[in-house]
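Notes follow the structure.
All chains are named by letter (A, B, ...) in the order of the sequence lines, taking the proteins before the strands, and each is independently numbered beginning at 1.
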2 protein chains.
Amino acid sequence: MQSFTEENYLKIIYHLAEKTNNVQTNAIAEQMQTKPASVTDMIKKLAEKGFVDYIKYQGVTLTDKGKNAAVDIVRKHRLWEVFLVDKLNFKWDEVHDVAEELEHIKSTALIERLDEFLGFPKSDPHGDPIPDKNGRFAKTQFTKLIDLKISDQGTITGVSQHSSAFLKHLEKLGLTLGKQIEINDVTDFDGSVEILVAGKQINISREVAKHILISSNGKN
Amino acid sequence: MQSFTEENYLKIIYHLAEKTNNVQTNAIAEQMQTKPASVTDMIKKLAEKGFVDYIKYQGVTLTDKGKNAAVDIVRKHRLWEVFLVDKLNFKWDEVHDVAEELEHIKSTALIERLDEFLGFPKSDPHGDPIPDKNGRFAKTQFTKLIDLKISDQGTITGVSQHSSAFLKHLEKLGLTLGKQIEINDVTDFDGSVEILVAGKQINISREVAKHILISSNGKN
DNA sequence: TTAAATTTTTAGGTAAATCTAAAAATTATT
DNA sequence: AATAATTTTTAGATTTACCTAAAAATTTAA
Ligand SMILES: [Mn+2]
Ligand SMILES: [Mn+2]
Ligand SMILES: [Mn+2]
Ligand SMILES: [Mn+2]
């Protein structure tokens, strides 16, 4: 059984490992909003407990045990987010912080019954996949909207940024999960993208386009 | 904002204060499963923060601020218990420990929406009243089953013991909330009570009868 | 391939919540 | 009222998760 803090470290290491194999001390510190020295302390502890493999100065990688623990927390986080949106009418930009707390509740029975109550959802309100109780989930292959070419079409199926500000902005633009879009033009001046969504033509910045994930379903 | 630990102290002091006005250090220590010396430390802290009035060697009483904080935690605890039983099909003997964790989640929006989702329940699975968002609730007046006389009738509306062992035992005997009972006899030998419930005559020990709460609705 | 910049670790300390052992105050009993 | 028993507090440590400052290792750049 891990502490609240250890769980947060494991989850953050897990997410960072999606990008780079060896996760650096500084990267963890930044995510945990703490100092590198504190991270080193915790890393040693996690290594001792068998959650990570650690070589001094070389960063960490999760062991199987560590990966399982991390995926379990991710599963809880995302299931609670579904609960908040589907059952309690939270908006997709309001759920993250509460889920950060709820994910640490320790009860296998609770999370399995919650999963059932929600109808075994496959993805959370931000389009992220929800691991099943064995930790398995489909690693969906998304394209970033920014990488599409003119006249490409697709469906919005995820976002790679979960800040409330970003999500509220998307909401206002009508760019929510499931929406069909088509690329009309890319502005020379600032690289902003003209897209067609729900019959309307709108312009979104490069920064926004970078964080919208599309499942392509048309002429490539 | 109080810590997890402070919240537990406040809740326990609140419950102990339902019996005696001045709550003793040792009583708190027993409930918190900790040592009296630790309790003294925490009491000082709570007094400094204005949650309790404290006179050395005289025990503590909650201030209004402390009472409000405690009632808020009780409200959360009981609402989560309702959620677990009504929505996730937990049994009434399975909910307490999980609710002990859930009660510390800090989000006013969450608890208000949960309350609404549950239909603003007035009592929890053990018959305990749920404070509204202003901390108000009816202090229901119960009689202990043990205090009833032969031929008295009533409805089971609560229990004053929440251990899983006790609740499972009641379940097996068919003594659940809402059940009508009538006192048939009190055994001279061991003080055990013969009661009529759902057409059947059963015998319950004094110990069990002490912890069943009845709202009388018949010949007194 | 040195020197500079960056990253990471060590050393030494703090604050919160706990503990044990012993001292002090209160309450109960003779 | 004196003594015994109980309750409560103090003193001094421990553990966890932090911190700052400085040293050490690694990486990058000249
Ligand atoms: Mn989230
Ligand atoms: Mn999410
Ligand atoms: Mn309970
Ligand atoms: Mn209850």
When rounded to the nearest 0.5 angstrom, what is the spacing between CD1 in B:Ile204 and CG in B:Leu173?
-> 7.5 Å
Between OG of B:Ser160 and CG of B:Leu145, what distance do you get to the nearest 0.5 Å?
-> 10.5 Å
Distance below 4.0 Å between A:Thr40 side-chain N/O and C:dT9 OP1 or OP2 = yes
Are A:Lys56 and C:dT7 close enough that a side-chain N or O sits under 4.0 Å from OP1 or OP2?
-> no
Which comes earlier along DNA chain D counting from the 5' end, the contact point of A:Ala37 or that of A:Gln58, where each point is its nearest nucleotide?
-> A:Ala37
For B:Glu81 and B:His126, test the side chains for any donor-to-acceptor distance below 3.5 angstrom and give the result as yes or no.
-> yes
Look at all strands and tell whether [X] reaches a base, only sugar-phosphate, or nothing, counting heavy atoms closer than 4.0 Å.
X	result
A:Thr5	sugar-phosphate
A:Tyr9	sugar-phosphate
B:Phe4	nothing

Under-4.0 Å salt bridge between [X] and [Y]:
X	Y	result
A:Glu112	A:Lys133	yes
A:Lys139	A:Glu18	no
A:Lys210	A:Glu207	yes

Close approaches to DNA chain C from residues 24-35 of chain A, in residue order (heavy atom, under 4.0 Å) | A:Gln24, A:Thr25, A:Asn26
Could you list by number each residue of residues 10-23 of chain B showing a heavy-atom separation from DNA chain D of less than 4.0 Å, or answer none if no residue does?
-> none
Side chain of A:Tyr54: nearest nucleotide among C:dT9, C:dT10, D:dT10?
-> C:dT9
Select one nucleotide: of D:dC19, D:dT9, C:dC19, the one nearest the side-chain heavy atoms of A:Asp41.
-> D:dC19
What side chain to side chain donor-acceptor pair (under 3.5 Å) pairs are there with at least one residue in residues 49-62 of chain B, not counting sequence neighbours?
-> B:Glu6-B:Lys49
Length of the line joining A:Asn8:CG and D:dC18:P, which is rounded to integer Å | 9 Å
